[in-house]
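Order of listing sets the numbers, starting from 1, for every ligand and every atom in it.
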Amino acid sequence: MSTPVTDMLEGLKKDRVMFAMPGHKGRLDLTDITEIDGADNLLHPSGCIMESQKMAARLNSAAHAMYSTNGSSACTSAMIGYFGRGAKVIAARDFHISAKNAMELYGTRPVYVGLKDMCKPVRTEEIVQAIEEHPDAAGVYVTSPNYYGRCADLTALAALCRRRGMLLAVDGAHGAHHPFSPLLPVSPGEAGADLWCASCHKTLPAKNQAAVLFCGDRVDERRLKRRLAAVHTTSPSYPILISIEQAYDEMEQEGTAMTEKQQAMIGRFLEKIDGLPGIAAEQTDDFTRIVLNVSGRGLTGFEAERHLSGAGIYAEAADEDRLILISTVADREADFARLAGALKELPQAGGRGGRAVYALEKGEAGEPSWEQTVFAYPPGVPIVLKGQRRTEKQERMIAQMRNKGYNLLEW
Ligand SMILES: Cc1ncc(COP(=O)(O)O)c(C=O)c1O
């Protein structure tokens, strides 16, 4: 892939005078421009941005790609909106809060597919059953990979949706790297999904908020674009735009080799920590998501996370049992050596016992009901949903989660 937006920026006069936004006039960052002459327009791309998006679509096996400088949060909203106001959508219950917000905005009638354990991916059989029971649904919405690096069977789901005349939408926020190596799980585009998104900033060497919304050939691109525009800034950040295309450019050229190197590095790291008492690497479908269960050390994941940050090492997230670590091609051998060293130093605590509490329910409506959606951030998956029937069991679970150290938010 070439880098047309980057090239356009490099071609701009360095001694330019700006009587245009942004107000810093290039003093903070010369690449931070607005839609001046020749810079194209993300809302109606016809020049360098259009070229760049076309290449991104090709790399991701999509018919169309639309850059988002508002992260995947804008893309999940566009996907839910695409199904239409008041549409019935079969939704795997481990969706991100941004999808829940969009469902409220669009009056979506979700059919929740229950997931008891939010570490595990949605099972195809659960979706099949929901489709049997709701043949009038407009489509299926799943999150894959999930926060724990587990993937749904997207190929099976895409084929199923096609047979039933439904659209498959995939929140692939955590899988932006998947198209670039055969060592990684199949990407939504390769699987035949209709709508999907990827947060380049999560798993590619790209800046925060860099994301892309994709669609296949069964989707009306213009309608999808309108849904994205409804939640997207009209002043998109060019530094973010060029970080998307530069990350894709790098991955197209070197992604396969870099991912192989990364896999070998992670393999060496896992060997190094293999003998450490009380720390166990959990199974993931994506080797770049490293999930370490530290409960055998008598610690919660949150406590282990604090020990690591004390040593200047920052995990993506933690839960009551685990540390969740994101590896990308930007990692270095020395980083893993430091991590292994810090894990070795984790104290052995007295033991904690107790079972994992973060359990999701389908969320049937009923009285008395929750007045707010409650979720832990990260990972941003709602525990209970506004309007869902409120039970004592859920109240106990939420109280326990608070005690265990989850960062709980209510919206
Ligand atoms: C599964 C999932 N979807 C969507 C999002 C939103 O992505 P972004 O941060 O790019 O807006 C997140 C954020 O963590 C996420 O975990």
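The protein atom (non-hydrogen) at minimum distance from atom 11 (O) of ligand 1 is S73 OG, 2.6 Å. In this structure, atom 1 (C) of ligand 1 lies nearest to the protein heavy atom D171 OD2, 3.4 Å. Among all protein heavy atoms, the one lying closest to atom 16 (O) of ligand 1 is H174 NE2, 2.7 Å. With respect to atom 8 (P) of ligand 1, the closest heavy atom belonging to the protein is S72 N, 3.4 Å.
A centroid separation of 6.0 Å or more is found between the aromatic rings of F214 and H64. Ring centroid separation for the pair Y406 and F302 comes in under the 6.0 Å cut-off.
In terms of polar-atom proximity, defined here as any N/O pair under 3.5 Å, T143 makes no such contact with ligand 1. Looking at ligand 1, you won't find any N or O of T76 less than 3.5 Å from one of its N or O atoms.
Contacts of H201 with ligand 1, taken as heavy-atom pairs under 4.0 Å, involve the side chain alone. If you look at A173 next to ligand 1, the close heavy atoms, those under 4.0 Å, all belong to the side chain. Counting heavy atoms closer than 4.0 Å to ligand 1, residue S199 contributes side-chain atoms (C-beta onward) but none from N, CA, C or O.
A salt bridge is defined here as a Lys NZ or Arg NE, NH1 or NH2 lying under 4.0 Å from an Asp or Glu carboxylate O, and R289 with D286 fails to meet this definition.
A tilted orientation is assigned to the rings of F95 and Y112, their planes being inclined by 30° to 60°.
Side-chain contact check for E133 and Q129: at least one donor-acceptor pair (N or O, by modelled atom type) lies under 3.5 Å. With 3.5 Å as the limit, one finds a donor-acceptor pair spanning the side chains of S327 and Q262. Y67 and E245 share no donor-acceptor pair across their side chains, judged by distance under 3.5 Å alone. Using modelled atom types, one finds a donor on one side chain and an acceptor on the other under 3.5 Å when comparing Y148 with D319.
Taking all heavy atoms of K202, H96, Q209 into account, the minimum distance to atom 7 (O) of ligand 1 is reached by K202.
Here is the list of ligand 1 atoms found below 4.0 Å of a heavy atom in Y377: 13 (C), 14 (O). Residue G71 approaches ligand 1 through these ligand atoms, each under 4.0 Å from one of its heavy atoms: 10 (O), 11 (O).
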